[in-house]
Amino acid sequence: MIDDGSNSTLSAFEEVNQRLDEAGEIAGVPEEVMALLKNPYREIKVEIPLFSDGRLQHFVGYRIQHNAARGPYKGGVRYHPHVDLEEVRALASLMTWKTALVNIPFGGAKGGVACDPLVMTDEELYAITNTFFTRISMILGPNRDVPAPDMGTNAGIMGWAMAAYGRINGHAPAVVTGKPLELGGSVGRESATGKGVVIIASRWAEKKGLSLKGAKVVIQGFGNVGSFAALNFADQGARVIAVNDVRGGIRNDKGLNIPALMEYVRTTGSVAGFEESDPVDGDEILYQPCDYLVPAALGRVITEENADRVRASTVVEGANHPVTPGGEDVLARKGVEVIPDLIANSGGVTVSYFEWVQNIQQFAWKEERIDDELHEILQRSFTTVVDFAGEHQCSLRQACFALALSRVYRASKARGYIRV
Ligand code: GLU
């Protein structure tokens, strides 16, 4: 297990399985079926040698295909020093339930390479990407497994991934999503996860008779998810009062100027030192008083040990698995509501689906269509979750997992390989 600050004796994968067990009972999925649905279908580990600067290094990469009952495996590839098998298993499982919850025709997978892209040159990143995707290419394909960006990867890396696959199998843009526009990427994909976070938060506010206007927002992480979430919150009239990244944190109670901050990050590489802001140290970002706290970086940052210090009314999970089950119990006792990752950050994979559809149709949609369809899918899914939670008197998290489990269970039965 990685040392991620959590004192939990369970691994991330075991924590996800604990949540699935609870949901399985609510959804009435038989126990022996649960045992099958929890475990990944296929796990691949590859060695990635890198010869650079006169030195031979080697890295380890994984691709975990969790479940494909509802369609091709789908999920990102992460480059981060903490990547390990149990974490990738957890993330792969979460993708199965995420795609089922928003009802797009995919299963779930995740990949990762244990490396630190922040200290690597472009040449090194290219070499690692090329080797990794070549070595897993036999299990990929537009109708088999479709990777996408995740933490530490981006559109450029997906372009290299598509090319690595294409050299072996021929040109196939639908084999990866989140690509550059020049290679068949979709408009609106880059901002989709952050935008989805705000679509869901705004629906949540509406259901409570509130509005995002003037709401105080704090965001941990200012990468792809955090920065676009900030931009969309600001567009809705919310005040983003504090954000951070690996190099530092900043705060301004009047609200940070997000477009200017994004420009600042493009030139300096970090939010640290931005004009008219006070510094916020490390984890302190999580304890700032606010209406919405959006963890949009690593997993397992709110745990049994520190959840008591959270002073937000609602936690919106931009990251995958940022709140441990123990942390969630503490938040529940304090009356802090949690909008779970499965729905809160599902905008990214939803627009990935649109990208895949456009690639297959060889026809590009207009931005307006992407935006309308994204709103429709997310709002419909969220309403289903809220209604289910009300009906079954369970948490939003349990509702997400229970709805997703029933869909995957029904699809598995329809295929004939689960007969109970
Ligand atoms: N990595 C993103 C996620 O965790 C997107 C996955 C995808 O687009 O396939 O949802």
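Remark: Lys216 NZ is loosely packed, at most 12 non-hydrogen atoms of other residues, nucleotides or ligands lying under 6.0 Å away. Residue-environment remark: CD (Glu190) stays at or below the threshold of 12 foreign heavy atoms within 6.0 Å. No more than 12 heavy atoms of other residues, nucleotides or ligands sit less than 6.0 Å from atom CZ of Phe363. Dense packing is recorded around CD of Glu284, with more than 12 heavy atoms of other residues, nucleotides or ligands lying under 6.0 Å away.
In this structure, Asn257 contributes its side chain and Ala260 its backbone to a donor-acceptor pair below 3.5 Å. At least one donor-acceptor pair under 3.5 Å links the side chain of Asn306 to the backbone N or O of Val301. Asp372 contributes no side-chain N or O that, together with a main-chain N or O of His375, makes up a donor-acceptor pair within less than 3.5 Å. Although no hydrogens or angles enter the test, the distance criterion places a donor-acceptor pair under 3.5 Å between the side chain of Thr350 and the main chain of Ser346. At least one donor-acceptor pair under 3.5 Å links the side chain of Arg189 to the backbone N or O of Gly348. Between the side chain of Lys334 and the backbone N or O of Val310, at least one donor-acceptor pair lies under 3.5 Å. Panel note: side chain Arg251, backbone Asp278; no donor-acceptor pair is recorded below 3.5 Å.
Between Leu378 and Val102, the closest side-chain pair of non-hydrogen atoms falls below 4.5 Å. Between Ile168 and Thr134 the shortest side-chain heavy-atom distance falls below 4.5 Å. Between Pro295 and Val315, the closest side-chain pair of non-hydrogen atoms falls below 4.5 Å. Looking at Pro325 and Arg19, their side chains come closer than 4.5 Å, going by heavy atoms from C-beta outward. Asn244 is not listed as a side-chain neighbour of Phe222, based on a closest heavy-atom distance of 4.5 Å or more. Inter-residue side-chain proximity for Asn320 and Asp150 is flagged as met; some heavy-atom pair is nearer than 4.5 Å. Contact check for Ile285 versus Val218: side-chain heavy atoms found under the 4.5 Å cut-off. Side-chain atoms of Val294 and Phe233, non-hydrogen and from C-beta on, do get closer than 4.5 Å to each other.
Within the structure, every pair that satisfies the ring-ring contact (aromatic ring centres under 6.0 Å, His included) test and touches residues 274-321, not counting sequence neighbours, is listed here: Tyr264-Phe274. Identified under the side-chain hydrogen bond (donor to acceptor under 3.5 Å, both in side chains) test for residues 361-371, with sequence neighbours left out: Lys195-Asp371, Gln361-Trp365, Arg369-Glu373. Residues in residues 226-245 take part in no salt bridge (charged side-chain N to carboxylate O under 4.0 Å, His left out) pair, two or more places apart or across chains.
Here Ala319 pairs with Pro322 under the side-chain contact (heavy atoms from CB on, under 4.5 Å) rule; sequence neighbours left out. Here Asp308 pairs with nothing under the salt bridge (charged side-chain N to carboxylate O under 4.0 Å, His left out) rule; sequence neighbours left out. Partners of Arg63 under the salt bridge (charged side-chain N to carboxylate O under 4.0 Å, His left out) rule, at least two apart in sequence or in another chain, are Asp145.
Closest heavy-atom contact between Ala90 and Val16: CB-CG2, 4.0 Å.
Under the side-chain contact (heavy atoms from CB on, under 4.5 Å) test applied with Lys98, the options Asp341, Asn345, Ile104 reduce to a single match, Asn345.
For Lys254 and Glu276, the salt-bridge test fails: no basic side-chain N is under 4.0 Å from an acidic carboxylate O. A salt bridge does not link Arg397 to Glu337: none of the charged nitrogens lies less than 4.0 Å from a carboxylate oxygen.
Between Tyr79 and Thr129, the side chains place a donor N or O and an acceptor N or O closer than 3.5 Å (distance only, hydrogens not considered). Under the 3.5 Å distance criterion, with hydrogens and angles disregarded, no donor-acceptor pair is assigned to the side chains of Ser352 and Trp356. Counted by atom type alone, Ser186 and Lys179 present zero donor-acceptor pairs between their side chains at under 3.5 Å.
Phe388 and His392 have parallel rings, their planes meeting at less than 30° on a 0 to 90° scale where 60° marks the start of perpendicular.
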